[in-house]
Chemist: 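The structure is given below, and queries will be raised subsequently.
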Amino acid sequence: MKKVLVTGALGQIGSELVLRLRKDLGVDNVVATDIKRIEDNEVVTDGVFEILDVMDYNKFLQLAKDSNVDTIIHLAALLSATAEKNPQLGWSLNMQGLVNGLEVARELDAKFFAPSSIAAFGNDTPKDNTPQDTLMRPSTMYGVTKVAGELLCDYYHTKYGLDTRSVRFPGLISHKVLPGGGTTDYAVHIYYDALKYGKYTSFIAEGTYMDMMYMDDAIDAVVDLLNADSSKLKHRNSFNIAAMSFEPEQIAASIRKYIPNFEMDYDVDPVRQGIANSWPNSIDSTCATEEWGFEPKFDLDKMTKTMLDELSKKEI
Ligand code: AKB
């Protein structure tokens, strides 16, 4: 990986991944793209940034060719709750955007990464310590696009020899940019409200376990997998990766170690709760550890401390 094009670069993952890649590869070797510009944003101001709608295949191809990239990281997609509100748009953006990305990568013979998610699993999947290879019949549009996307990326690998790689992200928690339209977003909002109001109303019910990960571990995972020795990869699309699994009361308890009077109550959103109920409680990431050395560094309390410290420095 020497020169990378990133789509959806202004989203929650892209905003941090682009900065890391600029450090690793050099500022001129990262082409950040998104559907619109956000002024005064370091992704836009401090390096190469281009407007790109991933549905526009010709522009996508031209930009990748002109920039002479050898890797494409395709992050532009709708998340679970937004895709559930507008399933047709979820299908068309998540699938056509992916097909366009894969076709651009095929034209350039570029390495290709597009994230999958714990959403690729469904009600019939074993809930606890969900294995790498198991039953996958998701009941959400987002999940359907993730399973289809995994299969498509594997297809491009076997059919065309394209170097496709991916991870199944759990809920990602970070302080730089808010997530948009996910089911796991409560685990980010809770830190903002804890600092701002001393209390939080959770849209996810007590007792609902989901896998989560601090953003630094997620960024390391993308970079490490892309740099991994291809001959060691028995799997490709997509690796289970897990750092921690908790339910709302546990994150609240972790926050109370630093903000003792923090209070939480519930106003459960049936749509997001339904999505959460269909996902695993925890997944097994042994294959990622064995095949490319995945090892997360943040547990719940370390993440809580970092989130509260970092958010305290920001105007929220
Ligand atoms: C979401 O909640 O939709 C995402 C995900 C787990 O893929 N954070």
Side-chain angles (χ1 to χ4, degrees), residues 8 11-17 73-87 89-91 93-95 97-98 113-123 125 127 130 136 138-150 153 166-192 202-205 208-219 221-222 237-248 251 268-283 285 288 296 298 303 307:
Q12 190 199 11
I13 303 172
S15 302
E16 302 206 26
L17 183 60
I73 300 182
H74 176 57
L75 302 175
L78 291 194
L79 290 185
S80 55
T82 315
E84 217 41 42
K85 273 192 207 129
N86 193 343
L89 179 65
W91 173 263
L93 176 69
N94 290 10
M95 293 315 300
L98 179 66
F113 176 94
S116 185
S117 159
I118 51 170
F121 299 114
N123 285 309
T125 303
K127 284 255 175 236
T130 302
M136 299 173 82
S139 53
T140 64
M141 178 50 85
Y142 179 63
V144 168
T145 66
K146 289 298 169 190
V147 174
E150 289 189 13
C153 289
S166 170
V167 296
R168 294 179 183 134
F169 276 134
L172 297 181
I173 293 154
S174 64
H175 55 82
K176 259 187 190 283
V177 171
L178 281 164
T183 301
T184 55
D185 295 7
Y186 92 89
V188 178
H189 298 160
I190 194 170
Y191 289 113
Y192 281 77
S202 174
F203 60 77
I204 291 296
T208 310
Y209 282 84
M210 284 185 278
D211 265 303
M212 304 281 178
M213 182 177 288
Y214 186 58
M215 186 59 85
D216 287 17
D217 283 331
I219 300 296
V222 177
N237 305 286
S238 236
F239 282 94
N240 280 6
I241 55 167
M244 61 190 99
S245 166
F246 55 74
E247 54 99 23
I251 187 169
V268 173
D269 168 18
V271 174
R272 285 179 287 189
Q273 185 61 40
I275 296 173
N277 289 344
S278 75
W279 291 355
N281 297 331
S282 64
I283 64 174
S285 50
F298 283 79
M303 175 174 82
M307 283 296 287

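In listed order, ligands and their atoms are each counted from 1.
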Chemist: Ignoring hydrogens and geometry, is there a side-chain-to-backbone donor-acceptor pair from K176 to I13 under 3.5 Å?
Modeler: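 The answer is no, because no donor-acceptor pair under 3.5 Å joins these two groups.
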Chemist: Would you mind running through ligand 1 and noting each atom that sits below 4.0 Å from a heavy atom of W279?
Modeler: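 So the answer, numbered in order with elements, is 1 (C), 2 (O), 3 (O), 6 (C).
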Chemist: Sub-3.5 Å donor-acceptor pair from the side chain of S174 to the main-chain atoms of M215, do we have one?
Modeler: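 No: the side chain of S174 does not pair with the backbone of M215.
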Chemist: Below a 4.0 angstrom heavy-atom separation, can you tell me which part of D185, side chain or backbone, both or neither, approaches ligand 1?
Modeler: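 Neither; nothing of D185 gets under 4.0 Å from ligand 1.
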Chemist: Distance alone, cut at 3.5 Å: any donor-acceptor contact between the side chains of N277 and Q273?
Modeler: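 There is such a pair between these side chains.
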Chemist: Between A119 and ligand 1, which residue portion shows a heavy-atom distance shorter than 4.0 Å: side chain, backbone, both, or neither?
Modeler: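 Within the 4.0 Å criterion, A119 makes no contact with ligand 1.
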Chemist: For atom 5 (C) of ligand 1, what's the nearest protein heavy atom and its distance?
Modeler: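 Going by distance alone, atom 5 (C) of ligand 1 is nearest to S117 OG, 3.5 Å.
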Chemist: Using heavy-atom distances, let me know which of I275, V188, T184 sits nearest atom 8 (N) of ligand 1.
Modeler: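 Nearest option to atom 8 (N) of ligand 1, by heavy atoms: T184.
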Chemist: Look at atom 2 (O) of ligand 1 and say which protein heavy atom is nearest, naming residue and atom and giving the distance to 0.1 Å.
Modeler: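 Here the closest protein heavy atom is T183 N, 2.7 Å.
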Chemist: Which heavy atom of the protein is the closest neighbour of atom 3 (O) of ligand 1, given with residue, atom name and distance?
Modeler: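 Nearest protein contact, heavy atoms only, for atom 3 (O) of ligand 1 is S80 OG, 2.5 Å.
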Chemist: Verify the distance criterion only: is there a donor paired with an acceptor across the side chains of T183 and S80 at less than 3.5 Å?
Modeler: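 Distance-only check passes for T183 and S80.
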Chemist: Suppose I only count heavy atoms of I118 and a 4.0 Å limit; which atoms of ligand 1 are within that range?
Modeler: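 Answer, ordered by atom number: 6 (C).
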